[in-house]
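A short write-up of the structure that comes next.
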Amino acid sequence: MDEKKVVQIGGSIEKSLQGEYTIDVSSVLKEAWQLTLRSRIAINLGLLFTLILGIVVSFLISNTMGGIEQVIKDPQSTTLLNIVVTMVIYPFLVGVEMMGVFHAVGLKTNSKLIFAFLKRGSWVAVCALLTSVLITLGMSLFVFPGIYLAVALSLVLPLVVDKKLSPIKAITLSLQVTRFQWFKLLAIYSLLFLTLFLSLIPLAILAKTQFSVIGVMLFLVALTFIAPLFYNVKGILYREIFGMQLQASDAPAQQTSDTFSA
């Protein structure tokens with residue numbers, strides 16, 4: 001019988017708290033693109049499910065408040081709707097986040113992974129809500145604090161399900177660790193945002209022409225690459241900063257299959 005051992009892949013919390021990790025912007029983006037070419041279907045299906053779920057929840061909740069038009073007119077109703085949708089979809093969306101992490105450590109995934117972390121769903125929902133509140137408050141304070149928090153807290157959800165941290169501990173740890181390479185993280189997310197912006201140009205150009213449908217189709221196709229790229233980038237960053245422990249047999253060829261089944 002093969003005895004399984006724990007393998008640490010990537011960084012570690014202990015080292016990252018001392019700033020002992022590096023982020024290479026070009027290398028992260030190149031690796032994420034290669035992962036995306038091989039593994040975008042699972043992420044896209046996971047995102048499609050959460051999108052549909054969010055739409056259904058929004059429709060049902062808004063109907064209880066007098067309709068979507070009434071909700072939009074009332075800031076309090078809009079806030080309440082956003083809170084409910086956040087609490088519902090993030091326990092599933094964290095599965096998409098973990099797809100990126102798993103891809104980064106060499107594991108194959110499928111769309112069913114969005115249901116794999118529902119046991120931690122309440123902690124994930126609370127963490128997502130706290131993070132959203134902090135970023136919103138930061139945005140109201142001259143914008144930059146909000147941008148800083150959005151970058152610094154971008155990896156908190158995997159900490160809740162992978163490291164089994166509470167929302168407060170995950171947020172605190174993320175703030176402590178990301179400060180060392182914050183500007184490189186900002187550069188990576190800025191390049192991803194620029195890619196999204198560029199993908200919107202054909203849509204904007206064709207919007208008022210008879211070829212508007214083509215513009216929409218081009219954008220949707222681009223989005224099926226950009227969205228998985230975003231989550232694979234986050235997975236690589238998580239690996240490099242926090243690392244991940246896997247159970248594997250002594251045979252290297254069996255690491256991926258053994259770990260995933262565990």
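Quick note: residue numbers are just sequence positions, from 1. Quick note: numbers below take in every heavy atom, side chains included, and nothing from hydrogens, waters or symmetry partners.
The environment of CG in L17 is crowded: more than 12 heavy-atom neighbours from other residues, nucleotides or ligands sit within 6.0 Å. Remark: E69 CD is loosely packed, at most 12 non-hydrogen atoms of other residues, nucleotides or ligands lying under 6.0 Å away. Heavy-atom neighbours of F242 CZ from other residues, nucleotides or ligands within 6.0 Å: above the threshold of 12.
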Only pairs under 3.5 Å count here: list side-chain donor-acceptor contacts from residues 75-82, not counting sequence neighbours, and write none if there are none.
unit_1: S77; atom_1: OG; unit_2: D74; atom_2: OD2; d: 2.7
unit_1: T78; atom_1: OG1; unit_2: V71; atom_2: O; d: 2.7
unit_1: T78; atom_1: OG1; unit_2: D74; atom_2: O; d: 3.1
unit_1: T79; atom_1: OG1; unit_2: P75; atom_2: O; d: 2.9
unit_1: N82; atom_1: ND2; unit_2: T78; atom_2: O; d: 3.3

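Transitive grouping of hydrophobic side chains (ILVMFWY, heavy atoms separated by less than 4.5 Å) brings F225 and L229 into a common cluster. Under the 4.5 Å side-chain heavy-atom criterion for ILVMFWY residues, no single connected hydrophobic cluster contains both L137 and V143. Criterion: ILVMFWY side-chain heavy atoms under 4.5 Å apart, direct or through other members. Under it, V101 and L192 are part of a common hydrophobic cluster. In the hydrophobic clustering of ILVMFWY residues, with side-chain heavy atoms under 4.5 Å counting as a link, L45 and L118 come out apart. Note on L237: it does not cluster hydrophobically with I226, by side-chain heavy-atom contacts below 4.5 Å among ILVMFWY residues.
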Exercise. Side chain to side chain contact (heavy atoms under 4.5 Å, CB included) between L130 and I168: does it pass, once the steps are laid out?
Worked result: CA-CA 9 Å; L130 287 176; I168 297 299; 3.9 Å; yes

Problem set entry | side chain to side chain contact (heavy atoms under 4.5 Å, CB included) evaluation trace for R239 with M244 | CA-CA 6 Å; R239 180 196 68 199; M244 189 174 188; 5.9 Å; no

For this session: Decide side chain to side chain contact (heavy atoms under 4.5 Å, CB included) for L159 and L173; before the verdict, give the C-alpha distance in whole Å, the side-chain angles of both, and the deciding distance to 0.1 Å.
Result: CA-CA 9 Å; L159 287 173; L173 176 61; 4.1 Å; yes

Exercise. Does the side chain to side chain contact (heavy atoms under 4.5 Å, CB included) test come out yes or no for S132 and T136, once each step is laid out?
Worked result: CA-CA 6 Å; S132 177; T136 301; 4.2 Å; yes

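K164 places a side-chain N or O within 3.5 Å of a backbone atom of V161 that can act as its donor or acceptor partner. Checking side-chain atoms of W123 against main-chain N and O of L165 turns up no donor-acceptor pair under 3.5 Å. For the pair S27 (side chain) and D24 (backbone), a donor-acceptor distance under 3.5 Å is absent. Of the possible polar contacts, none joining the S212 side chain to the L206 backbone as a donor-acceptor pair under 3.5 Å is found. Using modelled atom types, no side-chain atom of K15 and backbone atom of E20 make a donor-acceptor pair closer than 3.5 Å. Checking side-chain atoms of R120 against main-chain N and O of V160 turns up a donor-acceptor pair under 3.5 Å. Formation of a donor-acceptor pair under 3.5 Å by the T209 side chain with backbone atoms of I205 is not found in this model.
Contact detail for P202 and S199: the closest heavy-atom pair is CD-O, 3.5 Å. Nearest heavy atoms, L157 versus E97: CD1-OE2, 4.1 Å. The two atoms that bring F117 and G95 nearest to each other are CD1-CA, 3.9 Å, heavy atoms only. The two atoms that bring V94 and P91 nearest to each other are CG1-O, 3.3 Å, heavy atoms only. Among all heavy-atom pairs drawn from A227 and L47, the shortest one is CB-CD1, 3.6 Å.
Ring pair F115/F92 is perpendicular by interplanar angle, where above 60° counts as perpendicular and below 30° as parallel.
Hydrophobic side-chain contacts under 4.5 Å tie I55 into a cluster, directly or through other members, with L51. Other members of the hydrophobic cluster containing L60, listed by chain and number, are L48, I52, V56, F59; membership follows side-chain contacts under 4.5 Å among ILVMFWY residues, whether direct or relayed.
At least one side-chain heavy atom of Y21 sits under 4.5 Å from a side-chain heavy atom of Q181. A heavy-atom distance below 4.5 Å is not found between the side chains of S154 and L185. In this structure, K30 and Q34 have side chains that are not in contact, with every pair of non-hydrogen atoms separated by 4.5 Å or more. Contact annotation: the side chain of I171 never approaches that of K169 to less than 4.5 Å [non-hydrogen atoms, C-beta and beyond]. Taking 4.5 Å as the limit, every side-chain heavy atom of T36 sits out of range of all side-chain heavy atoms of Y231. Inter-residue side-chain proximity for Y189 and L194 is flagged as unmet; no heavy-atom pair is nearer than 4.5 Å. Contact check for F219 versus L196: side-chain heavy atoms found under the 4.5 Å cut-off. Considering only heavy atoms from C-beta on, H103 comes within 4.5 Å of I43 through its side chain.
Just one of L93, L53, I83 meets the side-chain contact (heavy atoms from CB on, under 4.5 Å) condition when paired with V88; it is L53.
One finds the CD1 atom of I135 at 11.0 Å from the CD1 atom of I147 (value rounded to the nearest 0.5 Å). Within the model, atoms CG of L29 and CD1 of I236 stand 8.0 Å from one another, a figure rounded to the nearest 0.5 Å. The CG atom of N232 sits 9.0 Å away from atom CZ of R38, with the distance rounded to the nearest 0.5 Å. Once rounded to the nearest 0.5 Å, the distance linking OG1 of T178 with CD1 of I23 reads 10.5 Å. Here the CD-CE distance, from Q70 to M65, works out to 11.0 Å after rounding to the nearest 0.5 Å. From S174, atom OG reaches atom CZ of R179 across 12.0 Å, with rounding to the nearest 0.5 Å.
Checking N44 against T224 by side-chain atom types alone, no donor-acceptor pair falls below 3.5 Å.
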